[in-house]
Amino acid sequence: MRTAGKLAALSSSPPVIAMRASRFFISTLKEAPSEAELVSHRLMLRAGLIRRLAGGIYSWMPLGLRVVRKVEAIVREEMNRAGAIELSMPVVQPAELWQESGRWQAYGPELLRFSDRHDREFVMQPTSEEVITDIARNELRSYRQLPVHFYQIQTKFRDERRPRFGVMRGREFVMKDGYSFHADHADLVREYQNMHDTYCRIFTRLGLRFRPVAADTGSIGGTGSHEFHVLADSGEDSIAWCPASDYAANVELAEAVAPRAARPAAGHPMSRVDTPGLTRCEDVASHLGIELAQMVKAIALVPVAASAQTDAPAIWLLLLRGDHALNEIKAQKLAGLENFRFASDGEIVAALGCRPGYIGPVGVGPRVRVIADRAVAVTADFVCGANTENTHLGGVNWGRDLPEPHEIADIRNVVAGDASPDGAGPLLIQRGIEVGHIFQLRRKYAQALKATFLDVAGKATEFEMGCYGIGITRIVAAAIEQNHDERGIVWPDPIAPFRVAITGLGYRRSERVRAATDALYEQLLAQGIDVLLDDRDERPGVILTDLELLGIPHRVVIGERGLAAGQVEYQARSASAPALVPLEEACKVIVEALARSVNSGAAAV
RNA sequence: CGGGGUGUAGCGCAGCCUGGUAGCGCACUGCGUUCGGGACGCAGGUGUCGGAGGUUCAAAUCCUCUCACCCCGACCA
């Protein structure tokens, strides 16, 4: 752990300038516009951090911009410290480069395309692999210039299908994107680890609780990609992690390992049971008084084949335990099911002779392909649909009542309590917001854009590339999502728009209050502290509730009453009650509190 | 893109069913009182009723089309 002194020396805030609320711009709302659903979105609107201009497009108001700048400053400082070099690439990029890389075709409608007055086509960049690779191919000629890591903090545009949650999933956003170039894969791996460590430092310094998780590496495979998630119950992603080891993965990717125990022997004969109107596993299980895990549900899928083969299975029946859910990404990895859709009711009736709700794997014809999840494959005496309406089958056993499945595969989402794929213990599940992603790109863009350098032997060689993103503006929303209460935002110290707010009750009326407040304000400014003096001509209730909504982490209230006893009130935003401190010690108390909050706070968990 | 919903003052909403002077709360302006937890009194301003057509003597209200925004499903920082 670094010392407070060192961190203070690294202070990355914008220059400290005198800031009186009466001359700043604070615009709070009692009620949030009805469009806002997510708490961070509501609070950002209410606190006047952002204002909407169009769908997924927001103006950053002065207070919000201060937060963005603080996030940027920390990211920039740590990137520089890690050896990356900042540059800035255009937001508007010519189509040619994108056609050369193939992404002009591959990207789809998320890529905003438009033409200039000469009818030349351009894109609004969602990321900048093409441009940076173009720079590399023009500028990097020799292995002697490697490795090099360029990054920028730049506005991005993605024409999202459905922008929502304010700045969390906007169309225009600010991202730090970095790209590294290497002579060989080993050096890329070295930098990748360097970035992994750097990202951990960044999120720690931002004061956030986060977790790095293994991510999909697509066609590349290996351990080439990690996502960084801010932990929050409202997060859109689910993370599976093992407290007994460092295993962590997005649930979409986490393997559900095969159960160790072999399938028990059959204990019951197969029997038909009446289940009128009971189409859900939960209903059938409670009707029969059995565990949900004894139920097997069947999901009917239809492959969307490029060419229709007449001998191909008409329907794929994917079997899952009643307490498990289908993982569509895993299903897509089944050979022959690369593209699928859910079967229509008509197709299900045609293939199985029964409407959905009562379908099952027993007695199905040769044109139905049966895939059992690993957990289903080791279940005996299970209950499943009978392919007859209002009827289920009990005591069903593989090999006796129906053939063994055509294929046994991992096709479900992991659930809490599943064994960790690394064998270290049971998994837990947590929600997260993806704020960072690092990736070993390898040679994909270097190949497409013919970007080479001369190696030691004088041979033209394609670069090994890595890319590394951090969602700057998303972090602002994620920080609020993770840190708020019923009164408003509770900023982590390092990214608060102001670290300290002081206000004098009756500042406009009481000479004594004004003198004490101004004096403390000057003292704090002299310490280089980012402080807001709230001298607005408002009633105390308005000022105090505003400061709480804004989430300023440290607050000092000075009033006649306290002054009479030589005291002022200090309260951390996260504290439940104020503390009285002698006026002459107020500055010291705050400086100490700031030092403490830098040292505690967040960490990778 | 498919399904659902909403557009009325800066924000939150009522009015629409059953056509007939456009309203309420907050915010805003002026004056006064008040001032340690979103004050009170008096006075005041505020609207192309999302837009375009249509029906009608008359449309916020009924009909058609359109646009915008929000919510639920497949992607990503």
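The sequence lines fix the lettering, A, B, ..., with proteins before strands; numbering per chain opens at 1.
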Do the side chain of [X] and the main chain of [Y] share a donor and acceptor less than 3.5 angstrom apart?
X        : Y        : answer
A:Asp410 : A:Ala256 : yes
A:Arg555 : A:Tyr570 : no
A:Lys330 : A:Ala254 : yes
A:Ser128 : A:Val131 : no
A:Arg573 : A:Glu548 : yes
A:Asn483 : A:Val490 : no
A:Tyr507 : A:Asp534 : no

Return the value, rounded to whole Å, for the distance between atom [atom1] of [X] and atom [atom2] of [N].
X        : N     : atom1 : atom2 : answer
A:Phe165 : B:G73 : CZ    : P     : 8 Å
A:Glu227 : B:C75 : CD    : C1'   : 12 Å
A:Arg169 : B:C70 : CZ    : P     : 13 Å
A:Asp535 : B:C35 : CG    : P     : 21 Å
A:Asp534 : B:G37 : CG    : P     : 16 Å
A:Arg164 : B:C70 : CZ    : P     : 11 Å
A:Glu252 : B:C75 : CD    : C1'   : 9 Å
A:Arg508 : B:G36 : CZ    : P     : 15 Å

Practice task
Take the angle between the ring planes of A:Tyr192 and A:His226 and call it parallel below 30°, perpendicular above 60°, tilted in between.
Solution key: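 A:Tyr192 vs A:His226 ring planes: tilted.
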
Mind checking [X] for me? I need base, sugar-phosphate or nothing, with any heavy atom below 4.0 Å counting as a touch.
X        : answer
A:Arg46  : base
A:Gly55  : sugar-phosphate
A:Gly170 : base
A:Arg171 : nothing
A:Asp546 : base
A:Glu236 : nothing
A:Arg42  : nothing
A:Val542 : base
A:Gly108 : nothing

From C-beta outward on [X], which listed nucleotide comes closest to its side chain: [options]?
X        : options             : result
A:Arg561 : B:G36, B:G38, B:C72 : B:G36
A:Met175 : B:A77, B:C71, B:G37 : B:A77
A:Thr28  : B:G38, B:G36, B:G37 : B:G38
A:Phe173 : B:U34, B:A77, B:G36 : B:A77
A:Leu505 : B:C35, B:C69, B:G36 : B:G36
A:Arg539 : B:G37, B:A39, B:A74 : B:A39

Let's test this: given Watson-Crick or G-U wobble pairing with both distances under 3.5 Å, identify the partner of [N].
N     : value
B:C49 : none
B:C62 : B:G54
B:A9  : none
B:C76 : none
B:A43 : B:U29

If you measure from the [atom1] atom in [N] to the same atom in [M], how many Å do you get, rounded?
N     : M     : atom1 : answer
B:A60 : B:G51 : P     : 10 Å
B:U55 : B:A59 : P     : 11 Å
B:C71 : B:G12 : P     : 14 Å
B:A58 : B:A74 : C1'   : 50 Å
B:C11 : B:C49 : P     : 16 Å
B:G2  : B:C13 : C1'   : 31 Å
B:G15 : B:U61 : P     : 15 Å
B:G20 : B:G36 : P     : 50 Å

Handout entry: Residue closer to the 5' end of RNA chain B, A:Val557 versus A:Phe228 (nearest nucleotide)
Key =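 The 5'-side residue here is A:Val557.
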
Problem - 5'-most by nearest nucleotide on RNA chain B - A:Gly56 or A:Gly471 - result: A:Gly56

Fill in the blank from the handout: With sugar-phosphate taken as primed atoms, P, OP1 and OP2 and all else as base, the protein-contact string of nucleotides 43-48 of chain B at under 4.0 Å (heavy atoms; B, S, -) is ------

Handout entry: Heavy-atom protein contacts under 4.0 Å, nucleotides 1-15 of chain B, coded B base, S sugar-phosphate only, - none
Key = ----------SSS--

Problem - Minimum heavy-atom distance between A:Ala232 and A:Ile433, given as atom pair plus value - result: CB-CD1, 4.0 Å

Handout entry: Flag for A:Arg431-A:Ser238: side-chain donor and acceptor within less than 3.5 Å
Key = yes

Exercise for the section: Check whether the side chains of A:Asp177 and A:Gln152 place a donor and an acceptor atom closer than 3.5 Å, and report yes or no. Expected result: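 Short answer, yes.
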
Handout entry: Pi-cation contact, A:Trp60 with A:Arg69 (under 6.0 Å, within 45°)
Key =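 No, A:Arg69 and A:Trp60 do not form such a contact.
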
Problem - Base of B:G38 paired with side chain of A:Glu538 (donor-acceptor, under 3.5 Å) - result: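 When only heavy-atom distances are counted, A:Glu538 does not reach the base of B:G38 through any donor-acceptor pair under 3.5 Å.
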
Handout entry: Heavy-atom donor-acceptor pair, A:Asp237 side-chain to B:C75 base, under 3.5 Å
Key =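 No.
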
Exercise for the section: Decide, yes or no, whether a salt bridge links A:Glu129 with A:Lys444 under the criterion of side-chain N to carboxylate O below 4.0 Å. Expected result: no

